[in-house]
Protein chains: 2
Amino acid sequence: MNLKELADHLGLSPTTVSRALNGYPEVKEATRLRVQAAARAHNYTPNAWAKGLATGRAMSIGHVIPVSKTHEMVNPVFGDFITGASEAYVKTGYDLKLTLVSDADEAERYRSLSARGNIDGIILHGPHLSDRRIELLRTLDLPFVVHGRASEMKMDYSWIDMNNTRAFERATELLIELGHRRIALVNGQEHMDFAFRRREGFVAALIRAGIDPDPGLMRAGEMTEELGYRAASDMLQRPYPPTAFLASSMVTALGIRRALEGRGLRLGTDVSVITHDDDLGYLRNGTDVPIFTATRASVRDAGRQAAEMLLQMIRDPSCAPLQTLIEAELILGQSTGPAPG
Amino acid sequence: MNLKELADHLGLSPTTVSRALNGYPEVKEATRLRVQAAARAHNYTPNAWAKGLATGRAMSIGHVIPVSKTHEMVNPVFGDFITGASEAYVKTGYDLKLTLVSDADEAERYRSLSARGNIDGIILHGPHLSDRRIELLRTLDLPFVVHGRASEMKMDYSWIDMNNTRAFERATELLIELGHRRIALVNGQEHMDFAFRRREGFVAALIRAGIDPDPGLMRAGEMTEELGYRAASDMLQRPYPPTAFLASSMVTALGIRRALEGRGLRLGTDVSVITHDDDLGYLRNGTDVPIFTATRASVRDAGRQAAEMLLQMIRDPSCAPLQTLIEAELILGQSTGPAPG
DNA sequence: CGGCCAATTGAAAGCGCTTTGGATGGCCGG
DNA sequence: CCGGCCATCCAAAGCGCTTTCAATTGGCCG
């Protein structure tokens, strides 16, 4: 059933039917009701393309996530982020179009996404320190919001980010207050902006406390369980092993814990661990008592907010770039304690 | 730049340009090259809606994943599945449209997805034992592939599934061969088809070995780390604690391991654990030596295959339902050993 | 040399919707 | 009784592409 058929059926013109359904004022209320009833009865849904063609609105948002050789995985936070974003889209009738692109042809994909005109806006995931995608998107005049920032890009753009620097600074401060001096960082890949900032916060706190950052106590890589295990195992067999770890993700923290337990060290007593916790649905940090002391910020919330920002920008294309900084909370769990001896 | 402009620019008609770009044979090769060059030079990309309107093809696939109150999370396997599917879509120029729906209005969403006509096919995730969505989709005459099956639905439809029953049967057999008699199962929610099948395999193997399945040694729930920890902790303090565990996911297995280590039990020596391993990118089961003995099947592969099946069905709408059963491999790791004493 | 065919290109009619620019008719004040 | 103003409704022109049908060429055969 299409507009015309519905109109014929009602003895009205397509014009009136269209207006009735889209809430235009110049149609009699009685007519509108009649049209709406008929539409429901015949299960009429406007054809999305025809609508798109006619209005120039895509009613769909592109989420682009890069998949490279060195970073093959779809980051697990992505699922939660999207869940949040979806909440916003569903309310407003937008679709979510997912595009995984390999680094190589990324630029091309953006250009074609934008040119094909079937997208009203883009959410960019996983920005690097210096991310050329941002420049590119700015030239495309397509509204976009970055999930994260690119430290080295000084231009103005919309983003939503967790205060990574501050979070890791606070976590480090807590460990220092507990008397730890040899603190290790097991970070994500540091060409990723979030990881870079986390290290900055970590290092800043150390320096402020008069502790020399030890490169041997910093490791970065794809945030797997294995990374945590390996990094911790290596570091623990150094002559002066760390007494505390900072982990960039729960999964990595689990690996660190495995390394500890493997050598008979007790978590929170012999060695302290603080992790960042994205509050993912399937990897909760305990339900009542947190397992790990953690800096926590819900990535799902971030997703919802990012989507709302983008929709806002689509509604009002002239609005200035929106920027949202989310502070992580520092929650105390059972994985931290005073430095031993 | 649109078709007409490009055509004017070239001194050709839109017809010819369209044909040249879409590989129709009735255009002179020299012209085709000229057109293609111009298209590239001007960065021309056809407008997706206009194309959709004209051809009736959406060039996009819907992935629908249910999000309910009791099952709020976007399952982590989903990310990997989609990565695989994307590989197939990118090659063929399809888009991936993601829809998270809450159980309540799920039927409605399908209907409208189909009616709006902006989708060529659907991939259905997370089927329940008796899943009415399958019936619904069949009436919508929109090609679809189910990731998993619905045991209680006897109708014919396309699916791709891992042989859950067989996988857990084999894992159980292995444990029995190792001398274990008290084997526990920590499963996913058993209204989900995959979990139901896993239990069936588990129970079948027990019975065949003359072991009475003990309901106290079976636990089901959202597959979190916490579930593993709680289930294992509870079971281990029973008078006759299990000597082996079967886990439905790596994350759960990590929780079980935590419970073991918490009470000083050694993995693989005091207590054996076998888990199912979806071979997720960010949760590898060790790189060289597997941490856990596991039944393994790549969910990413499944995603790619599912997408290919669906594209196949779209190409040839009359083809019979396609069905693919993937066997998991049983890989030996360090988490299993002979039953103690 | 005329006609037929293959090769190549165009004109124009949609696809289903929105939206501009009228129509139409009832009602008002003058 | 008439011009003007609303309130409603409609015709028709797109939106950018595909595709059917037709036109134009040049080559080749008889």
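Proteins get letters first, then strands, A, B, ... in listed order; numbering begins at 1 in each. None of the values given here were measured: they were computed from a predicted structure.
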At a 4.0 Å cut-off to heavy atoms of chain A, the contacted part of DNA chain C spans C:dG16 to C:dG21
Here the distance between atom C1' of D:dT19 and atom CG of B:Leu21, to the nearest Å, is 15 Å
Rounded to the nearest angstrom, tell me the gap between atom CD in A:Glu29 and atom C1' in D:dC9. 15 Å
Look at all strands and tell whether A:Thr55 reaches a base, only sugar-phosphate, or nothing, counting heavy atoms closer than 4.0 Å. sugar-phosphate
Quick one: do A:Asp193 and A:Arg149 make a salt bridge, cutoff under 4.0 Å? no
Assert: residue with more 5' nearest nucleotide on DNA chain C, out of B:Ala50 and B:Thr16, is B:Thr16
Between B:Thr31 and A:Ala54, just flag the one whose closest nucleotide in DNA chain C comes earlier from the 5' side. B:Thr31
Is there side-chain contact between [X] and [Y], with at least one heavy-atom pair below 4.5 Å?
| X | Y | result |
| --- | --- | --- |
| A:Leu322 | A:Val145 | no |
| B:Thr92 | B:Leu311 | yes |
| B:Tyr89 | A:Leu100 | no |

Residue from B:Phe78, B:Trp159, B:Phe144 passing ring-ring contact (aromatic ring centres under 6.0 Å, His included) with B:His125: B:Phe78
Which residue, B:Asn2 or A:Lys28, contacts DNA chain D at a nucleotide closer to its 5' end, judged by nearest heavy atom? A:Lys28
Evaluate the salt bridge (charged side-chain N to carboxylate O under 4.0 Å, His left out) criterion for residues B:Arg300 and B:Asp80: first the C-alpha distance (whole Å), next the side-chain angles of each, then the deciding distance (0.1 Å), finally the verdict. CA-CA 5 Å; B:Arg300 180 166 171 171; B:Asp80 263 53; 5.5 Å; no
